[in-house]
Chemist: 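Here you go, one structure.
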Amino acid sequence: MMNTLNVMQTRNAQQEEAMRAAAAKESVAASRMTRELTPEQRRAIEMRRQQILLAQRNRRIREEREQARLNWEKGVNAEATETTPQVQARSVAEPAPSDSMFSLRKIQGEVLRELRTSDHKTLREVSQKAGVSLGYLSEVERGQKEASSELLVSITQALGVKLSEVLTMIAERVARAEQSGAAHVDSSARR
């Protein structure tokens, strides 16, 4: 057993010696190589080293910022889940704003879509006639984008409808939404 231990120690010592010799040879070769480099090549190598160091520094900073952001989000989420009984009671007593509110954009979009589909026209046809992109017209109909007055005129012309008629339809729906919202608020006040 002692024999195997001595053999292993001898091998380890020989391997370490060989590694030192190889490192020394590489060092000598590297110093010879740097002596053979032109000044421009040396500057290029130095600039690359600086770029690498700068990239490492920037990566470290980004990682620190990301970690700080994650820690902050964890703190905000923890605070958001902690609600007092007063806040909970108030949220139960008050109706949600979306219950009594309406979106003019959505109403406008619904009216435009109904007019288009009742005339059996496709989005593509109306968008080409109105001179607006298909995607934007779709977003207007879904109530995601607000149509400017100029765009509304173009769309109504493409649909073959007067602007005043469309605005009247929108106004009627807004009045109904306001009445149903007022009725909802009245019924919640009676509770």
Chemist: Which distance, rounded to the nearest 0.5 Å, do you find between the CD of Glu146 and the OG of Ser103?
Modeler: 7.5 Å
Chemist: I'd like to know if Glu110 pairs up with Arg113 as an ion pair, taking the criterion as any Lys NZ or Arg NE/NH1/NH2 lying under 4.0 Å from an Asp or Glu carboxylate oxygen.
Modeler: no
Chemist: Distance check, rounded to the nearest 0.5 Å: Ile170 atom CD1 versus Ile107 atom CD1?
Modeler: 8.5 Å
Chemist: Looking at Lys121, Arg124, Gln157, which hits side-chain contact (heavy atoms from CB on, under 4.5 Å) with Lys129?
Modeler: Lys121
Chemist: Rounded to the nearest 0.5 Å, what separates atom CZ in Arg116 from atom CG in Leu159?
Modeler: 8.5 Å
Chemist: Which heavy atom in Ala130 sits nearest to a heavy atom in Ala158, and how many Å separate them?
Modeler: N-CB, 3.8 Å
Chemist: Is the backbone N or O of Leu134 less than 3.5 Å from a side-chain atom of Ser138, with the two atoms forming a donor-acceptor pair by type?
Modeler: no
Chemist: Taking 4.0 angstrom as the limit, do Glu46 and Arg49 come out as a salt bridge?
Modeler: yes
Chemist: Sequence neighbours left out, what passes salt bridge (charged side-chain N to carboxylate O under 4.0 Å, His left out) with Glu150? Give chain and number order.
Modeler: none
Chemist: If you measure from CE on Met47 to CD on Glu40, what distance do you get to the nearest 0.5 Å?
Modeler: 12.5 Å
Chemist: Might you point out which heavy atoms bring Glu165 and Val161 nearest each other, and give the distance in Å?
Modeler: OE1-CG1, 3.2 Å
Chemist: Could you report the tightest heavy-atom contact between Gly143 and Arg105, atom names first, then the distance?
Modeler: O-NE, 3.1 Å
Chemist: Which donor-acceptor pairs under 3.5 Å do side chains of residues 51-59 form with protein atoms, sequence neighbours excluded?
Modeler:
| from | atom 1 | to | atom 2 | distance (Å) |
| --- | --- | --- | --- | --- |
| Gln51 | OE1 | Arg48 | NH1 | 3.4 |
| Asn58 | ND2 | Leu54 | O | 3.4 |

Chemist: Hey, could you give me the CG/CG distance between Leu137 and Leu112, rounded to the nearest 0.5 Å?
Modeler: 7.5 Å
Chemist: Rounded to the nearest 0.5 Å, what separation is found between the CG atom of Leu151 and the CD1 atom of Ile155?
Modeler: 4.0 Å
